[in-house]
Amino acid sequence: MHRPWRSVLEEIARVVSSSVGIEFEKVLKGFDVPKESFGDLTLVLPRAGIDPSKGEEVRKAVEGCSYVAKSELVGIYLNMWFDRARFVEKVFRSFVEAGNSYGVVRFPSRRIVVEYVSANPVHPLHVGAARNAALGQALANMLEAAGHVVQRRFYINDVGRQVAILVLGIKLLGELEPPHGWKPDHWLGMVYAATNILMELKKVREELSQVVSDERRKELIDRMDKLLADLARIREALPDAVDKLIDAMDRVDPEREVVEIARKYEAGDPEVKDFVRKVVELCIQGFKQTLDRFGARFDVWDWESDLVWSSEVSKIVEQLSRSPYRTLYKGVPAIDFSTLLKDPNIREKLRIPKGLEVPPLILMRSDETTLYTVRDIAYTLKKFRDFNADTVINVIASEQLLPQAQLRLALYVLGYRKEAENLIHYSYEMVQLSGFRMSSRRGRIVTLDEVLDEAKTRAYAELEKRGNPNEEIAERIGVAAVKFALVSVSPNRPVRFSWENVLNFERNSAPYLLYTYARTRGILRKAEELGIATEPRKLLEIYDPSFANDNARRWRLVKMIAELPETFVRAVENLDPSMLAIYALKLADEFNSWYDEDPVIRESNEGVRASKLLLVHAVSHCLATTLRILGIEPLERM
RNA sequence: GGGCCCGUAGCUCAGCCAGGAUAGAGCGCCGGCCUUCUAAGCCGGUGGUCCGGGGUUCAAAUCCCCGCGGGCCCGCCA
C-alpha cells in the first residue's frame, strides 16, 4: 500500500510518541498542514495531548527524524519543514512502484449493492435524475477502486398509479409507436403529462358544474387556466395526439380506468401485464440511451412488478401482520414504530435522527393493492440476497428520508437486523431550478438529454474556435462538464440548476481538468518525439531528488501527489466523491501555475528534467485516476 | 406544529464531521501575459458583520443551545 504522506507522518508520530509518552494515535491526530510560511507540517501540541511546556523536548526528538530538516516551536505549534529531497524520493518511489494503482487504497473487501437512478418510467430523465446518476456512478466507481465488489442496480417502478396513467393515455391514443423523430421516453413523457392534465381538468370541470362558493370557483378557474396553458404547450409539440386524447377522454371514466389498470397489473392479468410491460419497456429503452451516454451503467434491472407477482411482497405483508407492532391505522393494517423508537440504541443503530417521528407504515390499501415502501422491503431483501451483499446503498434524494427510515425499521421488525443496519440511504439534495418548479406531471421538466445536447453544442463551438471541431470530443467534453458540475458539490447541498453553472467550461470545471490532463499528456508526447526517455522506471534511475529544494511550485506539487491516497481514503470513508473532485481542481490549479513558469522539456539538466517528467507523470496519473472515479474518461488531446 | 438539509466575497462554491496561527478558490469587475511543452491557461488587483444572538474552550466559520431566512418531507403517491 503506497501512502507516502501517511508513512512520513507515522514515522514522525512514532518519534514524538516515544519521546513524551503519548499514544501514537493521539499524536497523529495532532498533525495539521499549516500555511506554507509555517512549514510543511505542524504539530498542534494541545491537540496531541502534549503540554506546550514540553515543546522543546518534542522539537529535539522530531529533529532526529530523517524526514524533518528543520523545526521551530511557535507557541503551541511545532512547525516542521521536510527534507525535500528525501520526501521527493519517497513520493516518486511510491508512485513508480504502485504504477497504475497509485492513489487508490484498498479496503477490506465488502460486497456492496448500489441502487441508483431508478426514475419513474413515465417521462424522460431530468436534471434531478442526472445528479443521482452522477453521484451513483462516482460512488460505485470509488467503492470499486477501494477494493469492494460492487453491483449496480436500477429499480423499475412499474407498479402504481403513475404508470397506470401513462398506460391509459397510450391506450386511448391507440398506438405504441413514437412519431418519427421522437425519442420514446420523450414522447411517453408528453403523453403522460397530457393524460394527467386532462384527468385533472375533468375533475375540475366536474367540481365546477356543482354549486360551489365564489371563492372556490375562482380558485378552480385559476387552476384550469394553468392546466390549459400546460396542455397548450404539449399540444404545440404533439397536436394530433393531444386532440385525440381530448376526444377520447370524454368517452371514459379515467379515474376508474387507472385504478382498474393498476389493480389488474398487480393481479397479473395477462393482457394488461403484456401491455403495461410494453409501454414501460419503451420508456426504459429511452432511459438506456441517455444513461449510456451519461456513463451510468447497471448490472441488473429489477422490475418492481416481479416482486408483486412472485408473492414476495405478500409474504412481507403477512409477516409484518403477525408482528407485535401491528396496529390499525385509519382502518387499514399498519406497523407502529413508536415504541421501538423510544429505544435510543435502536435509533442509533438504524441511523434515525433523534427527534424524528416516524409515522406508521401502512401495509396495504383498503382495496388490497400494495404500497411502495412495503414493496421496497421485499426489494431490499432481494438486493441483499441476490448478491449476498454486506451493504446496500440506495442513492435517493433527501425527500425520501422518512420512507427510507421506515424501510430500515420494518426490516428490523422482521428480524433482519443486519440488513437494517447495513442499508444506507445515500441522500442528496435535489436540483432546483431558479425560475420555475419542475413538474413531470405537467410536462415541465428540463431533460438530461437537452442538457447534454446543449453541453455538446457549446463544447463543439469551443473546439471550432480552436480550429479542430470534432463531434466525438465535443460529446465527451460536454457530458463530462455536466457530470462534474453535478458531482463536485457536496451531496447535501442543493444544486441550483443554471446553464451557466452546469455548462461552465472555465476553471472549476471538467473541461478545465480535461484540458490540464491533455497538457500533461502533451508534454510527455512531445518529449518522446524528441527522443527523451519518459518511462517512469527509467526516469527514476537518473532523476534528481533535490529538484524541488528551491522551487515552491515543484515542492507543492510533490506534496499534492503524496496527498491523493489520503484524500481517497477520506472520500471513501465519507462516501463523498466530491472530495476527489475538489482535490483534482487544486492539483490542476497548481500544475497550471507551474506549467507556465517552469518548462519541462527545455530543462537542460538531465536529472532535473527527469524529475520534472516524473512529476508530470504523477500529476497526469492523479488527474486521470480522480477523473475516472468521477466517471470521466480523460482525453489525450483537446 | 415536528423533522432533515442548507446559509461563508455581488454570484457559484471549498473549508465544518476529527476546533488551532492574518478565512480560500472560481465567475464577475479592473490591469497585464501567446516567435518558447495546448491562452478551456498564467500573473496581479478588486471584493468577507463566515445569517444573528448566546454558550463551551487557552482557542469557534468549525462543537452546543436559541432565533432568523431558504429548500424538502410529515399521503390508503412514488
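Keep in mind the model is a prediction, meaning the values are calculated, not measured. Residue numbering restarts at 1 for every chain, and letters A, B, ... go by the order of the sequence lines.
- By the ring pair (Phe, Tyr, Trp, His ring centres under 6.0 Å) test, A:H621 pairs with A:F95, sequence neighbours left out.
- Residue A:L401 has its side chain nearest to B:C4 when only B:A78, B:C4, B:C74 are considered.
- When the C1' atom is used for both B:U49 and B:U57, the distance is 23 Å, rounded to whole Å.
- The residue A:F505 sits close to a base: some heavy atom pair falls under 4.0 Å.
- Rounded to whole Å, the separation between the C1' atoms of B:G26 and B:G45 comes to 16 Å.
- Partners of A:T380 by side-chain hydrogen bond (donor to acceptor under 3.5 Å, both in side chains), not counting sequence neighbours: none found.
- At distances below 3.5 Å, not a single donor-acceptor pair connects side-chain atoms of A:R365 with backbone N or O atoms of A:L371.
- Taking atom CD of residue A:E590 and atom P of nucleotide B:G26, one finds them 12 Å apart after rounding to whole Å.
- Classification of A:E633 and A:R476 as a salt-bridged pair fails, no side-chain N sitting under 4.0 Å from a carboxylate O.
- Nucleic acid contact for A:I76: base, since at least one base atom lies under 4.0 Å from a heavy atom of the residue.
- Pairs engaging residues 46-55 of chain A under the salt bridge (Lys or Arg N to Asp or Glu O under 4.0 Å) rule: A:D32-A:R47 [sequence neighbours left out].
- Note on A:I477: a base of the nucleic acid sits closer than 4.0 angstrom, heavy atoms only.
- Annotation: ring pair (Phe, Tyr, Trp, His ring centres under 6.0 Å) contacts of A:Y512 (sequence neighbours excluded): none.
- Between B:G10 and B:C6, the distance separating the two P atoms is 22 Å to the nearest Å.
- For B:U36, there is no paired nucleotide, since no Watson-Crick or G-U wobble pair has both relevant distances below 3.5 Å.
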Stepwise ring-ring contact (aromatic ring centres under 6.0 Å, His included) test for A:F154 and A:Y116: CA-CA 6 Å; A:F154 188 114; A:Y116 70 118; 8.1 Å; no

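- Here A:I532 lies out of heavy-atom contact (under 4.0 Å) with every strand.
- By the 4.0 Å N-to-carboxylate-O rule, A:E597 lies too far from A:R554 to be salt-bridged with it.
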What does the B/S/- profile of nucleotides 6-18 of chain B look like, 5' to 3', with a 4.0 Å heavy-atom cutoff to protein? SSB---SSS--BB

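- Contacts of residues 354-368 of chain A with RNA chain B (heavy atom under 4.0 Å): A:G355, A:L356, A:E357, A:I362, A:R365, A:S366.
- Side-chain proximity of A:P353 to B:A21, B:C4, B:A78: nearest is B:C4.
- Pairing for B:C17 is absent, judged as Watson-Crick or G-U wobble with the two contacts each under 3.5 Å.
- Close to B:C42, at under 4.0 Å from its OP1 or OP2, lies a side-chain N or O of A:Y512.
- At the phosphate of B:C43, OP1 or OP2 sits under 4.0 Å from a side-chain N or O atom of A:S593.
- Scored by the side-chain hydrogen bond (donor to acceptor under 3.5 Å, both in side chains) test, A:E10 finds A:R6 as partners (sequence neighbours excluded).
- Separating the C1' atom of B:A78 from that of B:A18 is a span of 38 Å, rounded to the nearest Å.
- Each of B:C76, B:C43, B:A78 was ranked by its minimum atom distance to the side chain of A:V332; first place goes to B:C76.
- Within the 4.0 angstrom heavy-atom criterion, only backbone atoms of the sugar-phosphate kind lie near A:R553; the bases stay farther away.
- Note: CG (A:N157) to C1' (B:C77) measures 12 Å, nearest angstrom.
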Polar atoms only, N or O, under 3.5 Å: list the protein pairs with nucleotides 33-37 of chain B and their distances.
unit_1 : atom_1 : unit_2 : atom_2 : d
B:U36  : O2'    : A:R602 : NE     : 2.9
B:U36  : O2     : A:R602 : NH1    : 3.3
B:U36  : O2     : A:R602 : NH2    : 2.4
B:C37  : O2     : A:V600 : N      : 3.3
B:C37  : O2     : A:I601 : N      : 3.2
B:C37  : N3     : A:V600 : N      : 3.0
B:C37  : N4     : A:Y595 : O      : 2.3
B:C37  : N4     : A:D598 : O      : 3.4

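- When the C1' atom is compared between B:A39 and B:C33, the two are found 9 Å apart, to the nearest whole Å.
- Distance, A:E304 CD to B:C77 C1': 12 Å, rounded to whole Å.
- Base pairing analysis places B:G48 opposite nothing; no Watson-Crick or G-U wobble pair with both distances below 3.5 Å involves it.
- Rounded to whole Å, the separation between the C1' atoms of B:G52 and B:U8 comes to 14 Å.
- When the P atom is used for both B:C27 and B:C74, the distance is 41 Å, rounded to whole Å.
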Evaluate A:E115 against A:K383 for salt bridge (charged side-chain N to carboxylate O under 4.0 Å, His left out), listing each step before the verdict. CA-CA 9 Å; A:E115 182 211 321; A:K383 285 185 283 188; 2.6 Å; yes

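- Among the nucleotides B:U38, B:A21, B:A40, the one closest to the side chain of A:R637 is B:U38.
- For B:A21, its base sits under 3.5 Å from the side chain of A:N79 at one donor and acceptor pair at least.
- Base pairing analysis places B:G69 opposite B:C6; the two distances defining the Watson-Crick or G-U wobble pair are each below 3.5 Å.
- Residues passing the ring pair (Phe, Tyr, Trp, His ring centres under 6.0 Å) test with A:F547, sequence neighbours excluded: A:F92.
- Residue pairs meeting the salt bridge (Lys or Arg N to Asp or Glu O under 4.0 Å) criterion with at least one member in residues 513-535 of chain A, sequence neighbours excluded, are A:R521-A:E636.
- Every residue two or more places apart in sequence or in another chain that forms a side-chain hydrogen bond (donor to acceptor under 3.5 Å, both in side chains) with A:D185 is listed here: A:K183.
- A gap of 33 Å separates the P atoms of B:G47 and B:G55, to the nearest Å.
- Within the nucleic acid shown, A:K586 has no heavy atom closer than 4.0 Å to any nucleic acid atom.
- Where stacking is scored as ring centres under 5.5 Å apart with planes under 30°, A:Y515 does not register as stacked on the base of B:G41.
- With a glycosidic angle more than 90° from 0, B:C29 adopts the anti conformation.
- Put simply, the side chain of A:D576 gets close to the backbone of A:S578: a donor and an acceptor are under 3.5 Å apart.
- Remark: A:R466 pairs with A:E462 by the salt bridge (charged side-chain N to carboxylate O under 4.0 Å, His left out) rule, at least two apart or across chains.
- Rounding to whole angstrom units, OH of residue A:Y426 and P of B:C5 are separated by 15 Å.
- Residue A:Q400 is classed as a base contact, given a heavy-atom separation below 4.0 Å to a base.
- Between the base of B:A40 and the side chain of A:R507 there is no donor-acceptor pair shorter than 3.5 Å.
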